[in-house]
Every structure is written in structure tokens, then in C-alpha cells.
Amino acid sequence: MAVETLEATPALPARTSRRRPGKPAPKPRSWSLPRSPGGWIVLAACAIATLGMLVPVYVIITTALSGSTGAPNFFLAFPDAPSLDAFKGAWTKLHGSLANSLQITVPAALISCLLGSINGYILSKFPFRGSNALFTVLLVGMFIPFQAVIIPVFQFLNMLHLQGSIIGLIVVHIIYGIPITTLIFRNYYEGIPSAIIEAASIDGAGIWKTYARVMLPLSVPGFVVAGIFQCTNIWNDFLFGFILASPAAWPATVTLNNLIGTTTVDYSELMAGAVLVAAPTVLLYLVLGRFFVSGLTAGAVK
Amino acid sequence: MTTSTALPPAPASPGPRPKKQVPHNVKTSRRAAWIFAPSLLVSFLFVYVFIGITVYISLSNWKIGTSPDLSLRQPFGGTYAEIVKEQRFQADIRNVVIFTVIFLVLAILGGLIAALFIHHVSIGKGLFRTVFLLPYALSFIVTGVAWRWIFSPSTGVNEILRSMGIENPPGWTTDPTVLGALNDPSGTDFLKVQFGIPVALLPIIFAAAWQLVGFAMAMYLAGLASIPEEHLEAASVDGANIWQRLRHIVLPQLWPSTITCFVLLLHVALKIFDLVVAMSGSGPGFVTDVPGIYIYNYLTSRYDKASAMAIILLLLTLAVIVPYLIRGYRKERKA
């Protein structure tokens with residue numbers, strides 16, 4: 001064992017440059033204009049496609065701003081008299097469920113990340129016989145259509161008297177979030193040299209002490225990646241909220257969908273509501289976009 | 001993951017493992033296993049046991065939630081035999097197949113082209129990337145209400161079509177037309193729907209492709225970044241033109257990204273639910289109905305039918321996911 005330890009040590013310093021989630025490789029920044037006609041064509045194509053991608057965003061915002069005059073007669077028209085009236089209406093109808101979404105998302109994301117980080121730590125640093133196979137068994141939970149478990153989940157929450165409540169939704173989101181957070185943290189911890197764990201164990205620290213003193217402080221980028229991922233997932237959830245929550249616990253996505261109504265749709269209010277529901281995840285994405293992407297592509301292209 | 005919107009990152013091998021694992025003794029290994037055990041047990045209950053219960057319900061006589069009737073239905077599997085003959089079920093299968101095929105082509109091809117262009121653009125790279133991936137941060141409900149408005153028959157894209165001289169543009173999500181129908185369902189006992197492309201599904205496919213094209217782009221950009229510069233340089237020196245380099249060097253090296261996109265987007269397509277709910281619901285004659293909505297509709301009236309459809313959906317999903325997970329697992333053992 002001592003020999004192995006010695007062998008492992010020299011490889012340490014050079015390896016820290018390995019890409020890991022949260023630390024994308026530094027990219028060369030260039031702001032130079034294209035020098036060839038081909039370069040201009042590529043740039044123009046990108047610009048046009050990007051404008052095309054923004055059309056629905058434009059439509060959401062302009063329609064939301066059409067306020068008192070009602071939705072325009074043509075979806076690309078800019079409102080004659082832009083106002084924020086539609087937002088007032090949408091806020092009145094949505095603020096309760098926006099608060100629900102927040103109350104569901106924050107604890108569920110936090111707890112599932114914590115559990116995922118413990119699992120990821122064990123799986124990457126203390127693999128035991130069959131741990132890879134068991135991990136694959138766990139991963140299946142990430143891919144199943146939730147319709148295939150929804151009736152038992154419903155009955156189970158009923159049994160615990162959690163049916164329809166915010167706590168029930170939190171529990172469900174935590175449980176079905178474990179596979180994905182475990183995956184993200186395992187991938188992240190693979191990039192942290194095992195020699196650190198060895199050093200701690202030589203100093204006499206056990207599994208838990210090493211986790212608390214060594215691993216957790218190194219985990220901030222991992223928590224950011226997994227946290228963004230889980231917050232986005234849970235905030236954007238519709239299925240569980242739609243089926244499992246009572247009206248008092250409806251998340252914002254469900255209330256927004258109900259604004260569509262049965263006969264006529266007030267599109268300006270609907271779009272204002274869409275802006276309110278989308279704002280938190282879009283802000284998260286715009287501010288912490290690089291972590292968002294590294295969570296998405298972690299381990300995808302090897 | 002907890003919604004049908006979001007995609008998990010790919011579980012394939014996470015790159016080179018540290019060469020030497022920490023040497024562990026038996027006691028440490030056992031403790032490690034015990035720490036992992038609760039998560040595994042909870043997952044086992046909520047995934048595997050609950051799926052087992054759903055399978056049982058699909059075979060039972062339990063129809064309505066309030067009074068559990070757990071006797072097995074005779075003949076065995078009668079619920080499955082009942083639903084496959086339904087017009088609605090057949091429409092669902094048609095819709096999910098059409099949706100999946102067109103959506104995958106749009107999202108993967110769009111993502112590949114976007115990535116190839118954005119990778120080579122000299123200015124504004126970050127902006128283009130950010131915009132393409134932006135829809136991914138949205139809920140399918142938000143996407144759905146926006147696209148519902150864009151395709152609304154009287155104020156949406158039809159205005160453009162009318163100004164171009166098209167007198168009777170389609171009603172989009174409320175249009176029961178099926179394009180290129182292969183069969184006439186009136187002549188047979190079993191087939192009850194026309195197989196073709198339902199017009200009403202097209203806006204939903206566009207919306208889904210808009211939302212997820214950035215995901216494919218991100219996967220391809222990551223793939224492109226991992227292609228060693230020397231390979232391309234060597235090929236240039238040998239006189240390979242841009243198409244030859246694309247064909248023989250870039251595309252083969254992007255193959256893992258393609259597989260990942262294919263599997264994960266296919267899995268989204270099969271499970272699609274919220275987007276359809278927000279845009280059209282079942283539609284006239286179930287023209288935009290999908291398995292997810294079918295299951296939801298029967299959750300209050302027919303537990304057995306909802307469960308049977310859920311199991312069919314699960315089997316479709318697993319047929320895609322399990323080979324993929326096994327491939328990732330094998331690769332990892334080799335690494």
C-alpha cells in the first residue's frame with residue numbers, strides 16, 4: 001500500500017489542469033473582424049440564425065407589454081402604447097404560486113445536491129465491489145417517464161398525509177433528483193486527485209471527516225453546477241406539480257398553464273405571466289451560464 | 001432529474017480516471033457501501049418497486065382511485081388488448097413516432113450546423129452561444145404559451161401566409177388534417193387512424209426543436225473543442241479541402257456527441273407532455289394527443305388504462321436508455 005501511495009504522488013501536480021465541471025478550459029478571446037469573405041458569410045449566418053432564435057422571446061416581451069390595449073392583431077407588431085398593466089394582472093394571479101415554486105425549489109435543490117455530493121464522493125473515491133453496477137442501477141431513475149410511477153407516488157404521499165402539499169413535492173423532487181446530482185458530483189470529484197484523500201487518511205481522518213474537512217471545501221464549483229441544474233429542473237417542473245399538488249401548493253408553471261383557460265386566452269396577461277415564471281431561471285442562466293453548460297456537457301463527449 | 005423539460009448530462013465515461021485508486025481496506029469499503037445504501041434503497045423503492053406496482057395495476061381490475069380492486073383482470077393483460085384497439089391509442093403512437101422523427105432531425109441537424117458555424121465565427125461567439133441555449137433554461141409551459149400565440153390561426157404566422165397570398169392557411173394546432181396519409185382507416189377493423197403527418201403537430205415540433213436545438217449545439221461545441229488542432233492542420237497540409245476535413249476528421253470525432261444527443265433527445269420526445277398541454281392538449285380527433293396526456297386523462301377514471309399506457313411508454317424509453325447506460329458502464333470499466 002505504501003508503494004502505491006508513493007507512486008500516486010508524483011502524478012499529482014501536472015494533472016490539476018484536467019477539465020472539470022465548473023472550470024471550463026480558458027478560451028482564447030478574439031474580437032477581430034473576419035478577414036475573408038467566407039468569414040463574413042459565417043458571421044452573417046450566425047447573426048441571422050440568432051435573430052431567428054430570438055423571435056419567440058421578442059414575441060413574449062412585446063405581447064406582455066401590450067397591456068391595456070390588449071394583445072396586438074399580429075404577433076410581430078410592437079404595441080402602440082406599451083404599458084406594464086398586464087404584469088399587474090399576472091402578478092396578482094401568480095404571486096402565490098411563485099412563492100410556492102420558491103419554497104419547493106430551494107430546499108429540494110439543496111438537499112438533493114447534498115445527498116448527491118455524498119454519493120458522488122463515495123462512488124469516486126471509495127469505490128467498493130459492484131459500486132459501478134449499482135450506480136448504473138441508480139441512474140435508470142433519471143430516465144424513467146414519471147408517469148410510470150405516478151400512481152404509486154400518489155398513493156404513497158397519501159399514506160404519509162403529504163398528498164397535495166408543498167412538502168410532498170419537495171420529497172418527490174429530492175428523491176428523483178438523487179441520480180442526477182450523484183452523476184454530476186461523481187464526474188466532478190473524478191477530477192479531484194485521490195492523493196488528497198490518501199493524505200487525509202494517513203493523517204487519520206475517516207470517511208466522514210475527510211468529506212467534511214477536505215472534500216466539502218473543494219466542492220463549491222460542483223455545488224454551483226448541480227445546484228443550477230436542480231433549481232432549473234425543479235422550478236420548470238410541471239408534471240409533478242400538476243398531478244400531485246392541491247391548488248394551494250400549485251407551482252407557478254401550473255398556475256401559468258391554467259391562465260390559458262377554456263374559451264378565450266388573454267395573451268398579454270399570459271405572456272406577462274410567462275415572463276414572471278421564466279425570469280428566475282433565465283437570470284440564473286445569464287449570470288452563471290458557464291456553469292450551466294458544464295453541468296450539461298459533463299462527461300458527454302468522451 | 002425531475003421534469004420532462006430538462007435533460008440529464010450524459011452518463012458516459014467522465015474522462016480519464018485517476019490511475020491509482022486510493023487503497024482501501026475491507027472495513028472502509030464496507031462503510032462506503034453503507035453510506036451509499038440509503039440512496040440506493042430509496043431509489044429502488046421509488047423507481048423499481050413503484051414500476052412493479054404500476055405493472056400490477058395495469059394487469060388488475062383497479063379502475064378508480066377510491067376503491068382499490070387488486071384482483072387480476074381476465075383474460076390476462078386484457079387492458080393492453082383493450083387499449084391497442086382504441087383510436088386514441090393508435091393516434092398517440094402515430095403522433096409520438098412522427099414527433100420523434102421530425103424533432104430529432106431538426107434539433108440534431110440544427111444543433112450540428114449551429115455548432116460548426118459558431119465554432120468558426122470570429123466575433124460574438126459567446127453571444128450566439130448564449131442565445132441558442134437560452135430556450136433551454138425555460139419551462140416547456142413558457143415555451144408552449146409563446147408558440148401557441150405565434151401559431152394562433154388569426155393573429156400568428158397565418159397573417160404572414162395570408163399576406164403572401166395563401167388564402168386558406170392551416171388552423172395549426174386545431175387542424176385535423178393529416179398530410180401524406182398512407183392508409184384509409186375506414187376499410188379495416190383494427191386500424192382506426194390515418195398514418196401520416198398531422199398538421200397540428202408541426203407547431204409543437206417547432207417549439208420543441210427551438211427549445212432543445214441549443215442542447216445539441218452545446219454537445220457539439222464540446223465535441224468540437226475536444227478535436228485536436230493538429231489533426232486538422234495535418235489534413236490541411238496533406239491538401240484536404242474543407243469538405244474532406246469535415247467528412248473525414250470532424251464528423252467522425254463528433255460521433256459520441258451525436259449518440260448522446262440522439263439518445264437524450266429521443267427520450268425527451270417520447271415523454272413529451274407539458275409542451276403539448278400548453279399548446280393544444282389532445283386536439284380534435286386526438287390529432288395532437290401523446291402518451292403523456294393519455295395517461296394524465298385516465299388518472300382520474302381508469303387506473304388500469306393509465307398504468308398500461310405508462311408501462312408501454314416506459315418500455316419504449318428503456319429500449320433506448322438501457323443499451324446506452326450499458327455502453328457507458330462498459331466503457332468506464334475499460335477506462
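Naming: A, B, ... by sequence-line order, numbering from 1 per chain. All figures in this text were calculated on a predicted structure; none of them were measured in a lab.
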Quiz item: Can you name the ring-ring contact (aromatic ring centres under 6.0 Å, His included) partners of B:Phe117, sequence neighbours left out?
Solution: none
Quiz prompt | Under 4.5 Å from a heavy atom of chain B, the part of A:Met271 involved | solution = side chain
Quiz item: When only pairs under 4.5 Å are counted, which of B:Leu254, B:Val145, B:Thr317 shares the most heavy-atom pairs with chain A?
Solution: B:Val145
Quiz prompt | Atom group of A:Ile150 that falls short of 4.5 Å from chain B, counting heavy atoms | solution = side chain
Quiz item: Of all of A:Val282, A:Val153, A:Ile41, which one pairs up most often with chain B through heavy atoms under 4.5 Å apart?
Solution: A:Val153
Exercise. Go through B:Val131, B:Leu316, B:Ile312 and name the one with the most non-hydrogen pairs under 4.5 angstrom from chain A.
Key: B:Val131
Quiz prompt | B:Ile242 atom CD1: more than 12 heavy-atom contacts under 6.0 Å | solution = no
Quiz prompt | Per-residue contact mode, B:Tyr296 against chain A (heavy atom under 4.5 angstrom) | solution = side chain
Quiz item: Checking heavy atoms, do the side chain of A:Val137, its backbone, both or neither come under 4.5 Å from chain B?
Solution: both
Exercise. Could you tell me which portion of A:Ala108 (side chain, backbone, both or neither) has an atom closer than 4.5 angstrom to a non-hydrogen atom of chain B?
Key: neither
Quiz item: Parallel, tilted or perpendicular: which describes the rings of B:Phe206 and B:Phe151, with under 30° parallel and over 60° perpendicular?
Solution: parallel
Quiz item: Is it the side chain or the backbone of A:Leu43 that comes within 4.5 Å of chain B heavy atoms, both, or neither?
Solution: both
Quiz item: Is it the side chain or the backbone of B:Val320 that comes within 4.5 Å of chain A heavy atoms, both, or neither?
Solution: neither
Quiz item: Is it the side chain or the backbone of B:Arg148 that comes within 4.5 Å of chain A heavy atoms, both, or neither?
Solution: both
Exercise. Among A:Phe154, A:Tyr121, A:Trp208, single out the residue with the greatest number of heavy-atom pairs under 4.5 Å to chain B.
Key: A:Trp208
Quiz prompt | chain B contact via A:Ile122 - which portion, at a heavy-atom distance below 4.5 Å | solution = side chain
Quiz prompt | Closest-packed option against chain B by number of heavy-atom pairs under 4.5 Å, given A:Gly116, A:Gly52, A:Gly39, A:Ala49 | solution = A:Ala49
Practice problem: Return the option, out of B:Trp149, B:Phe44, B:Trp210, B:Trp147, with the maximum number of heavy-atom pairs under 4.5 Å with chain A. | Solution: B:Trp149
Quiz item: Which answer fits B:Ser154, side chain, backbone, both or neither, if we ask what part of it has an atom under 4.5 Å from a heavy atom of chain A?
Solution: backbone
Practice problem: Find the one option among B:Ile53, B:Ile259, B:Leu313, B:Ile150 whose heavy-atom pairs under 4.5 Å with chain A are most numerous. | Solution: B:Ile150
Quiz item: Taking only residues two or more places apart in sequence, or in another chain, which ones meet B:Arg31 in a side-chain hydrogen bond (donor to acceptor under 3.5 Å, both in side chains)?
Solution: none
Quiz item: Is chain A contacted by the side chain of B:Pro38, its backbone, both, or neither, given a heavy-atom distance below 4.5 Å?
Solution: neither
Quiz item: Can B:Phe128 and B:Phe132 be said to form a ring pair (Phe, Tyr, Trp, His ring centres under 6.0 Å), step by step?
Solution: CA-CA 6 Å; B:Phe128 297 143; B:Phe132 264 79; 8.0 Å; no
Self-check item: Rounded distance (nearest 0.5 Å) linking atom CD1 of B:Ile35 with atom CZ of A:Phe126
Solution: 8.0 Å
Practice problem: Give the minimum heavy-atom separation between B:Lys271 and A:Ile144, together with the two atoms involved. | Solution: NZ-O, 3.6 Å
Quiz item: Based on non-hydrogen pairs under 4.5 Å, which of B:Ile57, B:Val277, B:Val42 is most in contact with chain A?
Solution: B:Val277
Self-check item: Member of B:Ile123, B:Ile118, B:Leu127 meeting the side-chain contact (heavy atoms from CB on, under 4.5 Å) criterion with A:Cys46
Solution: B:Ile118
Quiz item: Under a 4.5 Å heavy-atom cut-off, does chain B meet the side chain of A:Leu259, its backbone, both or neither?
Solution: neither
Quiz item: Would the A:Phe146 and A:Tyr176 ring centres measure less than 6.0 Å apart?
Solution: yes
Quiz item: What part of A:Ile228 lies closer than 4.5 angstrom to a heavy atom of chain B: side chain, backbone, both or neither?
Solution: neither
Quiz item: Quick check: are there more than 12 heavy atoms from other residues, nucleotides or ligands sitting under 6.0 Å from CZ of B:Arg162?
Solution: yes
Practice problem: Examine whether an atom of B:Leu314 lies under 4.5 Å from a heavy atom of chain A, and if so say whether it belongs to the side chain, the backbone or both; otherwise answer neither. | Solution: both
Practice problem: Would you confirm whether the ring centroid of B:Phe140 sits within less than 6.0 angstrom of the ring centroid of A:Phe238? | Solution: no
Quiz item: For the ring pair B:Tyr303 and B:Tyr298, is the centre-to-centre distance below 6.0 Å?
Solution: no
Quiz item: If you tally heavy-atom pairs under 4.5 Å against chain B, which of A:Leu115, A:Ile243, A:Val254 wins?
Solution: A:Ile243
Self-check item: Audit row: B:Phe46, A:Val149, side chain to side chain contact (heavy atoms under 4.5 Å, CB included) steps and yes/no
Solution: CA-CA 7 Å; B:Phe46 274 73; A:Val149 292; over 6 Å; no
Self-check item: Residue among A:Ile207, A:Val57, A:Ile60, A:Leu284 with most heavy-atom pairs under 4.5 Å to chain B
Solution: A:Ile207
Quiz item: Using a cut-off of under 4.5 Å for heavy-atom pairs, which of B:Ile51, B:Ile311, B:Ile295, B:Thr130 has the most such pairs with chain A?
Solution: B:Thr130
Practice problem: Let me know if B:Val157 has heavy atoms under 4.5 Å from chain A in its side chain, its backbone, both or neither. | Solution: both
Quiz item: Can you check side chain to side chain contact (heavy atoms under 4.5 Å, CB included) on B:Ile160 and A:Leu76, steps first, answer last?
Solution: CA-CA 10 Å; B:Ile160 301 176; A:Leu76 289 175; 4.3 Å; yes
Quiz item: For B:Ser39, is it the side chain, the backbone, both or neither that has a heavy atom under 4.5 Å from a heavy atom of chain A?
Solution: both
Quiz item: With a cut-off of 6.0 Å (strictly less than), are more than 12 heavy atoms of other residues, nucleotides or ligands near OH of B:Tyr48?
Solution: yes
Quiz item: Is the closest side-chain heavy-atom distance between A:Phe240 and A:His173 below 4.5 Å?
Solution: yes
